[in-house]
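Input: a single structure, listed below in structure tokens.
Computed from a predicted structure; not experimentally measured. Just so it is clear: chains get the letters A, B, ... in the order the sequence lines come, proteins before strands, and each one is counted from 1.
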2 protein chains.
Amino acid sequence: MKRKVTLKQIAKELDVSISTVSKALRNSKEISEDTREKVQAFAKLYNYKPNNIALSLKNKKTKTIGIIIPEIVHHFFSKVIRGIELVANKRGYNVIVGLSNESFNKEVINMEMLANGSIDGFILSISKETLLQQDYHHFYETINQGMPIVMFDRVVNDVRCDKVIVDDLKGSKKAVNKLIENGCKNIAIITTKDYVSVGKLRTQGYLEALEDHKIQPKSELILKIVEELDAEDHLEDLEAEIECLIKNNPEIDGVFAVNELYALTAMKVAKKLKRKIPADIQVIGFTDGVLSKHATPSLTTVSQHAQQMGEKAAELLIDNLEHEEEEEHYKTVVIETELIERESTK
Amino acid sequence: MKRKVTLKQIAKELDVSISTVSKALRNSKEISEDTREKVQAFAKLYNYKPNNIALSLKNKKTKTIGIIIPEIVHHFFSKVIRGIELVANKRGYNVIVGLSNESFNKEVINMEMLANGSIDGFILSISKETLLQQDYHHFYETINQGMPIVMFDRVVNDVRCDKVIVDDLKGSKKAVNKLIENGCKNIAIITTKDYVSVGKLRTQGYLEALEDHKIQPKSELILKIVEELDAEDHLEDLEAEIECLIKNNPEIDGVFAVNELYALTAMKVAKKLKRKIPADIQVIGFTDGVLSKHATPSLTTVSQHAQQMGEKAAELLIDNLEHEEEEEHYKTVVIETELIERESTK
DNA sequence: TTGTATGCGTTATCAC
DNA sequence: GTGATAACGCATACAA
């Protein structure tokens, strides 16, 4: 077992000083061609690679980005990570991942752990619990310490940092407009409680689209699912709620769901109630998931371009990191959504 | 903006030496209660946290695990990561993720990048290209440098390291046995080329199950998909191949697919050919995906317990890291599969 | 052209 | 009880 070789060892072997070795390896022309070649050959032979940790300590830069997300087993978030990793790697950065699991505490702990020198900056999406408690002190403290943050998707406006968001409002309007154009008169929305900012915005888009078409929104067609029902083991409850919605309002001929699971469940319920899709009920989901494409019928969706969001977030962060803060000027980049039409709409 | 405070700054402020501060903070009883309290209060006030990088350099331990996987936008891999992260975090480790994107080069580069001090050990699943080229020098070199590796799922036996695998063979046999018990006489398999070790093993399990039941395998019922067709943009080709298989062999009454996509595509094709599932054709897939549950009909699968694999891999690695190598003795842990029966089988 | 000294932040050893 | 010093691995300003 040959452990990693250090400058010191090379210096000793070659009977020169450490700095000579260091300079020789960096092709400093202070060093004679002779020793330079000798050192480089030796280094190559022993496969010398500078120690990242030592470099980090010296340069006060780790070339590592910290990602904090609520959940990794989720198509949207994993696509974002892929985008971040792609850009990060291209620009010489590594990526370290922390999961908040939607918990405020885990979010805080994870961030504290990474903020102590392990990374140069954060890319994150806020956990539901944090959004609910509206306690953002950990973000402020991090930024105050001079560590930049880029938030994506689930962001909070008060915090002064770069943000990458989807145009939830416009995306929802696109979807609902489509349903209206396709002849739907009674469009229901299945959404989340308002403290999840994206849920709120998507609901707002729904309302605006109706308004634009002079359609009076009806509160009984707005179903706000409580968080707990998202879990795998509460699928039946979710189903029951949606079944209730459709049964109690038989006039429904269009459904806009703010995520994939709700949309799919709505289709399932509709089929169960012998309503044909898209003939009787048309369905659109807001999502970047994998289920939509393979569902039967396949689901028309509003795509969020998750990977692109990740790429943009990484670019913003690295630009910030490398352009030595030319004044505080934070951008909010909006990623356009795209309506992908499949079989669940006419 | 108050930058992170260091021991040195605290020492200066309190007009004591750095070592006094260090000791006081670590509750050394060398230090008088007086100064100890004073220092601790001050440290708390300024929210002192030791710098991880400095600690890493000193301790030659980073408390960080490197994960290298072929792809992150994949339910199986993201679940494994979740498992790793769970255990790692519990035991005080962070997780840094590198993606090989199924490329040999990216795998090598990523590993070299991380091996230079950034992490204490690897958990990885080998890229297809690496398996194809059978070039494992980067694994040997890493291990040779004293950096432990735990491989999962896609492993190679020659490399001396801990491994966590699914019992692919037994899992496949379970699935095929089920089909046989359910009355299938002509069972096709949709698998990958043999260089993907798990594909090979799953094919072998299929053959053994047939043999156990004295069923003569027929080569025309064994469809080996070439890698390129896995890609999103080649779905039609995949579909065409499978359609060919079923059309040319109308006697097929059971299909075993080594992954979710193949299984779903098989169901799609079967439906297109007006074959009822499970009445005419029963289908089982080898997978941990999300599609199976929401497909229509929902797909019977062999579950791999991905998260458990991740947890086990993390435990093996950290145990190894912390138990100062009591001789080289490498374990291979086999995670049992589980047959989850849904609507695609009788 | 080469080597020495210093510092990054921390801890451990040893001296006072 | 407290502090000076060395060490982790590297880069660099400065001295020789």
A:Glu315 and side chain to side chain contact (heavy atoms under 4.5 Å, CB included): which single residue from A:Val87, A:Val150, A:Val333 fits?
A:Val87
Positions of residues 17-32 of chain A (non-hydrogen atom under 4.0 Å from DNA chain D), listed by number:
A:Ser19, A:Ser22, A:Lys23, A:Arg26
Round to a whole Å and report the spacing from NZ of A:Lys49 to P of D:dG9.
17 Å
Are B:Thr130 and B:Glu107 close enough that a side-chain donor and a side-chain acceptor fall under 3.5 Å?
yes
So what does A:Thr35 hit on the nucleic acid, given a heavy-atom distance under 4.0 Å: a base, only sugar-phosphate, or nothing?
sugar-phosphate
Nearest whole angstrom, please: distance from the P of D:dA11 to the NZ of A:Lys61.
15 Å
Is the closest side-chain heavy-atom distance between A:Val108 and A:Glu112 below 4.5 Å?
yes
Using a 4.0 Å heavy-atom cut-off, does B:Leu55 contact any base of the nucleic acid, only the sugar-phosphate backbone, or nothing at all?
sugar-phosphate
Do the side-chain N and O atoms of A:Thr62 and A:Asp120 include a donor-acceptor pair separated by under 3.5 angstrom?
yes
Could you check how far CG of B:Leu14 sits from C1' of D:dG1, rounded to whole Å?
15 Å
Is it the case that the side chains of B:Ser32 and B:Thr35 hold a donor-acceptor pair, with the cut-off being a distance below 3.5 Å and no angle test?
yes
Run the salt bridge (Lys or Arg N to Asp or Glu O under 4.0 Å) check on A:Lys106 and A:Glu129 step by step: do they pass?
CA-CA 10 Å; A:Lys106 269 211 74 182; A:Glu129 202 182 354; over 6 Å; no
On DNA chain D, check which nucleotide each of B:Ala54 and B:Arg36 is closest to and give me the residue with the more 5' one.
B:Arg36
Rounding to an integer number of Å, can you tell me how far B:Lys8 NZ sits from D:dT5 P?
14 Å
Between D:dC8 atom P and A:Leu7 atom CG, what is the distance in whole Å?
13 Å
Please work out if B:Lys60 contacts a base, only the sugar-phosphate, or nothing of the nucleic acid, heavy-atom cut-off 4.0 Å.
sugar-phosphate
Within the 3.5 Å criterion, strictly below it, is a donor on B:Gln145 or B:Glu141 matched to an acceptor on the partner's side chain?
no
Crowding at NZ, B:Lys49 (>12 non-hydrogen neighbours, <6.0 Å)
yes
For B:Leu57, report the nucleic acid contact type (base, sugar-phosphate, nothing); a contact means any heavy atom under 4.0 Å.
base
In whole angstrom, give the distance that lies between atom CG of A:Asn59 and atom P of D:dT12.
8 Å
How about B:Ser103 and B:Ser100: does a side-chain donor come under 3.5 Å of a side-chain acceptor?
no
Give me the first and last nucleotide of DNA chain C, going 5' to 3', that has any atom under 4.0 Å from a heavy atom of chain A.
C:dT1 to C:dG9
